[in-house]
Colleague: 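First, the structure itself, so that you have it in front of you.
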Amino acid sequence: MDGVGGVVVETEAYAPDDPASHSFGGRTSRNATMFGPAGRLYVYRSYGVHWCANVVCAEEGVGAAVLLRALEPTAGLDLMRARRGMDDPHLLAAGPGRLTQALAITGVHDGVDLAQPPFMVVEPQDPPEVVASMRVGITRATDRPWRYSLAGSRFLSRPRPRA
DNA sequence: GTATTGATCTTCT
DNA sequence: GAAGATCAATACA
């Protein structure tokens with residue numbers, strides 16, 4: 001959006017029966033979008049200072065989504081730098097909060113359809129090599145290997161991701 | 001280099 | 001009133 005974009009290099013899965021998921025325990029006013037149709041954007045505030053973006057990926061009423069954890073900037077780098085206030089491309093979107101800030105995603109985008117402008121989702125021609133690992137940044141069910149990252153990428157949310 | 005803590009707000013107990 | 005799917009600055013080795 002606004003000419004900025006990139007390749008998603010790290011994601012994390014959240015299921016309805018996952019204690020760490022917002023959808024765990026039923027539908028609430030906050031996670032209502034998670035229970036909506038697939039292909040929507042679920043945005044929530046983290047620790048009062050950051051936004052986190054998820055892609056709803058299940059049928060309506062299920063409550064499953066994928067958290068976008070890291071992005072490799074490929075377009076609109078100058079704009080991202082201006083918004084993030086730093087020059088290092090490796091840190092522009094290396095983390096949930098950073099990613100949303102770089103793409104200017106806020107709470108107003110909660111529930112929008114990712115197939116509609118200003119968003120655009122493109123699938124890669126060549127399937128990237130991904131590795132599954134244990135999740136990060138949560139305190140429950142951290143043993144579920146539902147963190148998927150692009151193998152060898154230098155744009156991950158952790159300096160040295162362990163497989 | 002790693003470790004710890006402050007910022008700041010929504011939701012749930 | 002406490003916890004949380006975080007980030008960045010500071011303190012220490």
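Within every chain, numbering begins at 1; the chains are lettered A, B, ... in the order of the sequence lines, protein sequences first and strands thereafter. This is a predicted model, so every value here is computed, not measured.
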Colleague: Over how many whole Å does the gap from A:Leu99 atom CG to C:dA5 atom C1' extend?
Modeller: 13 Å

Colleague: Measure from the side-chain N and O atoms of A:Gln101 to the backbone N and O of A:Arg83, and report whether any donor-acceptor pair falls under 3.5 Å.
Modeller: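 Flag set: sc A:Gln101 to bb A:Arg83 pair under 3.5 Å.
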
Colleague: Taking the side chain of A:Leu67 as heavy atoms from C-beta outward, which of C:dC7, B:dA7, C:dA5 is closest to it?
Modeller: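 Nearest nucleotide to the side chain: C:dA5.
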
Colleague: Using whole Å, report how far OH of A:Tyr148 lies from C1' of C:dA5.
Modeller: 16 Å

Colleague: Rounded to the Å, how far apart are A:Trp51 CH2 and C:dA5 P?
Modeller: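 Rounded to whole Å, this separation is 17 Å.
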
Colleague: Do the non-hydrogen side-chain atoms of A:Val43 and A:Thr106 ever get within less than 4.5 Å of each other?
Modeller: no

Colleague: What's the NE2-C1' distance between A:His50 and C:dA9, to the nearest Å?
Modeller: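 A:His50 atom NE2 is separated from C:dA9 atom C1' by 12 Å.
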
Colleague: Grab the CE-C1' distance between A:Met34 and B:dT10 for me, whole Å please.
Modeller: 16 Å

Colleague: Can you check whether A:Leu92's main-chain N or O pairs, donor with acceptor, with A:Arg84's side chain at less than 3.5 Å?
Modeller: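 Yes, A:Arg84 side chain to A:Leu92 backbone: donor-acceptor pair under 3.5 Å.
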
Colleague: Round to a whole Å and report the spacing from CG of A:Leu156 to C1' of C:dA5.
Modeller: 17 Å

Colleague: Knowing that exactly one of A:Arg98, A:Arg154, A:Arg69 qualifies, which makes a salt bridge (Lys or Arg N to Asp or Glu O under 4.0 Å) with A:Glu10?
Modeller: A:Arg69

Colleague: Looking at B:dT10, I'd like to know if its phosphate oxygens (OP1 or OP2) sit under 4.0 Å from a side-chain N or O belonging to A:Arg45.
Modeller: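 It does, given that an N or O in the side chain of A:Arg45 lies less than 4.0 Å from OP1 or OP2 of B:dT10.
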
Colleague: Taking A:Asn54 for the side chain and A:Tyr42 for the main chain, is one N or O donor matched with an acceptor at less than 3.5 Å?
Modeller: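 Between the backbone of A:Tyr42 and the side chain of A:Asn54 there is a qualifying donor-acceptor contact (under 3.5 Å).
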
Colleague: Write down the distance between OH (A:Tyr47) and P (C:dA9), rounded to a whole number of angstrom.
Modeller: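 Roughly 19 Å, once rounded to whole Å.
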
Colleague: Using only modelled atom types and a 3.5 angstrom limit, is any donor from either the side chain of A:Tyr44 or the base of C:dA5 paired with an acceptor on the other?
Modeller: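 For A:Tyr44, whose side chain was compared with the base of C:dA5, there is a donor-acceptor pair (under 3.5 Å).
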
Colleague: Dot-bracket, 5' to 3', for DNA chain B please: Watson-Crick or G-U pairs under 3.5 Å, [ ] where pairs cross earlier ones, | where the partner sits on another strand, dots elsewhere.
Modeller: |||||||.||||.

Colleague: Tell me whether A:Ser46 contacts the main-chain N or O of A:Trp51 through its side chain, where contact means a donor paired with an acceptor under 3.5 Å.
Modeller: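 The answer is no, because no donor-acceptor pair under 3.5 Å joins these two groups.
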
Colleague: Out of C:dA8, C:dC7, C:dA5, which has the shortest distance to the side chain of A:Pro96?
Modeller: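 Closest nucleotide to the A:Pro96 side chain: C:dC7.
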
Colleague: Between B:dT11 atom P and A:Tyr42 atom OH, what is the distance in whole Å?
Modeller: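 About 9 Å, once rounded to whole Å.
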
Colleague: Is any side-chain heavy atom of A:Leu67 closer than 4.5 Å to a side-chain heavy atom of A:Trp146?
Modeller: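 No. Closest side-chain heavy atoms not under 4.5 Å.
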
Colleague: Hey, is A:Tyr14 doing a stacking thing with C:dA5, by the 5.5 Å centroid and 30° angle criteria?
Modeller: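 Whether judged by distance or by angle, A:Tyr14 passes, so it stacks on the base of C:dA5.
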
